[in-house]
Amino acid sequence: MAIDRVDVNVTSPGRNFVTVKITTSDGAVGWGDGTLNGRELAVVSYLRDHVAPTLIGRDESAIEATWQYLYRSPYWRRGPVTMAAVAAIDMALWDIAAKKAGVPLYQLLGGASRTGLLAYVHASGTTIERLNEAVHGYVEQGFQAVRVQAGVPGLDHIYGVHDAAPGGKYEYEPAGRPAAGAPLRPTEETWDTRAYLRHLPAVFEGVREEFGPELRLLHDGHHRMTPIEAARLARSLEPYDPFWLEDCTPGEDQSVLRLVRQHSVTPLAIGEVFNSVHDYQTLITERLIDYVRSSATHAGGITGLRQIMTFAGIYGIRSGFHGPTDVSPVGMAAHLHLGLAIHNFGIQEYMPHSEQALQVFRTGYRVEDGLLHPGEAPGLGVELDEEAAAAHEYAPAYLPVNRLRDGTVHDW
Ligand code: KDG
Ligand code: MG
């Protein structure tokens, strides 16, 4: 059989998603996620204009060969746009292969290595009290791991920090949509690393005091620190037994993590903006990290992410796949199948999608007692309802800009 059609769907049920649909000559259908938050249409063009025409007539079961064809043949390799496009095709082909075999995808990836996947959720609050209220909500729902982010005295608004009803909605991360008639520009936020470094240990202390030693606590530094600032933060959190410190520095220079490691035993996670195994070469071979943060959606799909995890496994490094709401339910399902199958699974980020998004993507995965499971439907187990999707037109949206107090553009 062969690939007959490659369609690219753009829908915006509360936030934008890019989904590939591959149809084979015998009528099988597979779905793949290629959503790149704030840069969605670049992936759409890459797929429609440059990838789809080259795939018609290819054997849909040749997944590895197609991955290598899309990765190597265009000469221009890697990068988020390219690798999100490769990812979407790769997931759709795996979806078709498992549907044709009549099994949930994890069975094709080696079968289940565990009964469920430890999930972490996002709790935040503008104050430690509000943060603790949010954590209580998740603990009551059975979650065993929580990412904690809090407001910093003196800073107005911090990305990812908001007050929510306990156990309430988590929908704070969609890129912002400019108001009708307003210029298409990102919002601006102000950052002060010294204030943050002073405050964060007190946040961890406040959460530990409230919840005791068992709850796993994670934190995301959003690439905002210099190497020596990151080392100081990692060390200052040690008394509170953090599960991990994520993205403590910008990840491009892998060698800077050496300095953080020299000063601290806080576990480190990095890689949500990486898109290939090569981004991890130094980090993995020198054991500078403990968790891989890539997503299937941004790192070449199941095939790309599996390459990374096989390499990481040799060095005892585990998964912590990126699972924000800008990875679609199709991408989330890819993580759940791969995570269930691989030996070196660590933890799975879980930001539930909105009800609106779940009217468009019909999912079969579930969460029970803080553990995720992909379900037993053949394939990835997620279907796009194209009619429902058509009701939500693409709307431009941007992630915010982060600046220091003097206006200098900063990492985030
Ligand atoms: O698009 C950006 C988000 O995916 C990112 O900010 C989420 O850092 C994030 C996380 O850890 O989920
Ligand atoms: Mg992050």
Side-chain angles (χ1 to χ4, degrees), residues 12 14-18 33-43 80-81 83-84 87 119-124 138 143 145-150 157-162 169-177 186-187 189 191 196 200 216-225 230 233 242-252 257 267-275 279 289-299 305 319-332 334-335 346-354 357 372 396-402 410-412:
S12 195
R15 59 162 312 121
N16 296 317
F17 294 108
V18 175
D33 178 27
T35 308
L36 187 61
N37 202 8
R39 294 292 183 269
E40 298 88 357
L41 298 187
V43 183
V81 174
M83 296 308 279
Y120 80 87
V121 285
H122 287 206
S124 72
Y138 296 125
F143 287 105
V146 184
R147 187 186 94 157
V148 291
Q149 310 288 126
H157 183 261
I158 301 177
Y159 176 75
V161 174
H162 72 143
K169 300 292 176 197
Y170 321 65
E171 292 168 48
Y172 60 83
E173 272 199 310
R177 293 178 177 189
T187 55
E189 294 178 355
W191 181 248
Y196 164 74
L200 197 65
R216 295 163 179 89
L217 300 182
L218 299 82
H219 180 74
D220 191 345
H222 277 296
H223 313 108
R224 290 171 181 134
M225 282 155 280
L233 179 66
F243 184 90
W244 82 28
L245 173 60
E246 173 190 346
D247 289 345
C248 59
T249 60
E252 294 95 325
L257 272 292
L268 301 177
I270 204 163
E272 67 182 44
V273 301
F274 295 175
N275 44 65
D279 297 320
I289 55 168
D290 302 279
Y291 295 92
V292 162
R293 283 288 289 144
S294 287
S295 66
T297 305
H298 304 131
L305 196 54
S319 66
F321 300 145
H322 193 207
T325 51
D326 47 281
V327 164
S328 89
V330 176
M332 175 55 94
H335 295 155
I347 197 166
Q348 176 60 53
E349 180 179 20
Y350 179 51
M351 284 182 78
H353 290 94
S354 66
L372 286 155
Y398 292 105
L399 286 158
V401 168
N402 199 27
H410 195 54
D411 303 290
W412 70 272

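Just so you know, ligand 1 is whichever comes first in the structure, and atom 1 is the first atom listed for that ligand. For this chain, numbers begin at 1 and follow the sequence in order.
A donor-acceptor contact closer than 3.5 angstrom links the side chains of Ser12 and Arg177. Counting only N and O atoms by type, the side chains of Gln149 and His219 include a donor and acceptor under 3.5 Å apart.
Each of the following atoms of ligand 1 lies closer than 4.0 Å to a heavy atom of Asn37: 1 (O), 2 (C). Atoms of ligand 1 lying under 4.0 Å from at least one heavy atom of Tyr159, given by number and element, are 2 (C), 3 (C), 5 (C), 6 (O). Every atom of ligand 1 with a heavy atom of Asp220 under 4.0 Å away is listed here by number and element: 8 (O), 9 (C), 10 (C), 11 (O). Remark: ligand 1 atoms within the under-4.0 Å shell around heavy atoms of Arg147 are 10 (C), 11 (O). Close contacts of ligand 1 with His222, meaning ligand atoms under 4.0 Å from a residue heavy atom, involve 6 (O), 8 (O), 9 (C). Of all atoms in ligand 1, listed by their number and element, those nearer than 4.0 Å to a heavy atom of His322 are 4 (O), 5 (C), 7 (C), 9 (C), 10 (C), 12 (O). The atoms of ligand 1 that sit less than 4.0 Å from any heavy atom of Arg293 are 10 (C), 11 (O), 12 (O). Against a heavy-atom cut-off of under 4.0 Å, Glu246 is close to the following atoms of ligand 1: 11 (O).
Between His298 and His322, the ring planes lie tilted relative to each other; the angle falls in the 30° to 60° range. Note: Phe143 and Tyr350 have tilted aromatic rings, judged against thresholds of 30 and 60 degrees for the angle between ring planes.
Neither the backbone nor the side chain of Met351 has any atom closer than 4.0 Å to an atom of ligand 1 (non-hydrogen atoms only). With a 4.0 Å heavy-atom cut-off, ligand 1 is reached by no atom of Val327.
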- Task: Determine, stepwise, if the pair Arg15 / Asp326 fulfils side chain to side chain contact (heavy atoms under 4.5 Å, CB included).
- Result: CA-CA 8 Å; Arg15 59 162 312 121; Asp326 47 281; 3.0 Å; yes

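For a distance threshold of 2.8 Å, the protein N, O or S atoms nearer than that to the Mg ion (ligand 2), listed by chain and number, are Asp220 OD2, Glu246 OE2, Glu272 OE1.
By the 6.0 Å contact criterion, CZ on Arg216 is enclosed, its count of non-hydrogen atoms from other residues, nucleotides or ligands being greater than 12.
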